[in-house]
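These notes concern the structure reproduced below.
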Amino acid sequence: MRLRGGFAATKPNRSEIMRDRIAAMIRSIPRGRVSTYGAIARAAGYAGASRYVAAVLRRSVGMPWQRVLGSGGEIKLRGDSAVEQRLRLEAEGVRFRGKRVDMKAHEWKFVRAGKRK
DNA sequence: AGGGTGACGATCA
DNA sequence: ATGATCGCCACCC
């Protein structure tokens with residue numbers, strides 16, 4: 001957490017930086033394009049943290065959450081949420097092939113960040 | 001320290 | 001295509 005006014009704030013720990021970087025990647029996905037939990041984790045420099053990407057998305061507000069999908073363009077939400085996600089995506093022009101998003105046409109390619117420990 | 005959780009992902013039956 | 005398994009990661013008791 002950053003403090004205002006230039007006072008010595010508590011140094012952000014590894015997880016906070018991780019969370020911020022992941023959130024930034026999600027926010028950078030343009031309208032009409034999508035990505036996956038795994039790809040976002042890798043792009044942020046945390047390969048393997050796909051589950052955490054979902055956790056971050058879940059607890060953040062004002063994020064384009066509908067643009068984040070499971071591997072292969074699969075909607076991982078359940079019930080009403082899943083329906084809403086599909087509607088929101090179709091509303092911004094994202095096409096589906098059966099149950100999944102046509103990744104070939106809509107997957108957003110990030111410029112990878114360097115790997116980190 | 002130990003065990004359980006989830007909007008994951010790859011693999012296999 | 002579908003469900004079970006297992007490995008992963010940070011969190012939360």
Side-chain angles (χ1 to χ4, degrees):
Chain A
M1 300 315 210
R2 315 275 159 325
L3 263 42
R4 327 168 220 114
F7 278 91
T10 51
K11 187 191 304 179
N13 61 45
R14 177 170 146 292
S15 291
E16 290 179 317
I17 294 175
M18 188 177 188
R19 165 171 55 62
D20 293 344
R21 290 184 60 80
I22 288 174
M25 293 313 290
I26 296 174
R27 283 191 300 261
S28 77
I29 304 172
R31 178 186 171 75
R33 320 233 44 181
V34 300
S35 188
T36 68
Y37 301 95
I40 290 168
R42 288 192 296 279
Y46 304 102
S50 55
R51 300 191 84 130
Y52 190 53
V53 170
V56 170
L57 196 52
R58 181 102 185 59
R59 305 192 293 264
S60 306
V61 286
M63 304 271 280
W65 61 269
Q66 71 272 26
R67 300 177 192 150
V68 185
L69 305 160
S71 176
E74 176 189 4
I75 286 183
K76 301 293 276 187
L77 286 169
R78 296 312 205 89
D80 299 329
S81 303
V83 177
E84 187 184 342
Q85 180 168 26
R86 177 156 186 156
L87 291 177
R88 278 174 174 257
L89 286 175
E90 294 181 324
E92 50 184 78
V94 174
R95 309 275 300 290
F96 282 69
R97 291 180 53 87
K99 196 64 179 171
R100 320 169 153 211
V101 162
D102 180 350
M103 298 304 270
K104 194 74 172 178
H106 301 100
E107 181 167 26
W108 176 246
K109 302 298 186 180
F110 295 105
V111 271
R112 298 277 188 66
K115 307 196 187 342
R116 47 191 75 253
K117 58 169 166 56

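Just so it is clear, the model here is predicted, and its values are computed rather than measured. Order of the sequence lines sets the chain letters (A, B, ...), proteins ahead of strands, with each chain counted from 1.
The shortest heavy-atom contact between A:Phe110 and A:Ala39 is CD1-O, 4.3 Å. When all heavy atoms of A:Ser50 and A:Ala41 are compared, the closest pair comes out as N-CB, 3.9 Å. The nearest pair of heavy atoms linking A:Arg21 to A:Ala44 is NE-O, 3.0 Å.
Listed by residue number, the members of residues 91-106 of chain A with any heavy atom below 4.0 angstrom from DNA chain B form an empty set. Contacts with DNA chain B (heavy atom under 4.0 Å) in residues 60-81 of chain A: A:Trp65, A:Gly70, A:Ser71, A:Lys76, A:Leu77, listed by number.
Residues forming a side chain to side chain donor-acceptor pair (under 3.5 Å) with A:Arg51 (at least two apart in sequence, or on another chain): none. Legend: residues meeting side chain to side chain contact (heavy atoms under 4.5 Å, CB included) with A:Arg78, ordered by chain and number and at least two apart, are absent. Applying the salt bridge (Lys or Arg N to Asp or Glu O under 4.0 Å) test to A:Lys109 and every residue at least two apart in sequence or in another chain returns A:Glu107.
Residue pairs meeting the side chain to side chain donor-acceptor pair (under 3.5 Å) criterion with at least one partner in residues 22-37 of chain A, sequence neighbours excluded, do not occur; the list is empty. Listed by first then second residue, pairs satisfying side chain to side chain donor-acceptor pair (under 3.5 Å) with a partner in residues 89-103 of chain A read A:Gln66-A:Glu92, A:Arg67-A:Glu92, A:Arg86-A:Glu90, not counting sequence neighbours.
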Ignoring hydrogens and angles, write down the donor-acceptor pairs under 3.5 Å from the side chains of residues 52-65 of chain A, residues two or more places apart or on other chains.
| residue | atom | partner | partner atom | Å |
| --- | --- | --- | --- | --- |
| A:Ser60 | OG | A:Val56 | O | 2.7 |

Ignoring hydrogens and angles, write down the donor-acceptor pairs under 3.5 Å from the side chains of residues 68-76 of chain A, residues two or more places apart or on other chains.
none

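Distance CE/A:Met25 to CH2/A:Trp108: 9.5 Å, rounded to 0.5 Å.
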Base-contact (B) and sugar-phosphate-only (S) positions in nucleotides 2-7 of chain C, heavy-atom cut-off under 4.0 Å, - elsewhere = -----B

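Protein chain A contacts DNA chain B over a range whose 5' and 3' limits, counting nucleotides with an atom under 4.0 angstrom from a non-hydrogen atom, are B:dG6 to B:dA10.
A:Phe96 and A:Val83 fall into different hydrophobic clusters, where Ile, Leu, Val, Met, Phe, Trp and Tyr side chains are chained together by heavy-atom contacts under 4.5 Å.
Using a 4.0 Å cut-off, no side-chain N or O of A:Tyr46 falls inside it from OP1 or OP2 of C:dC9.
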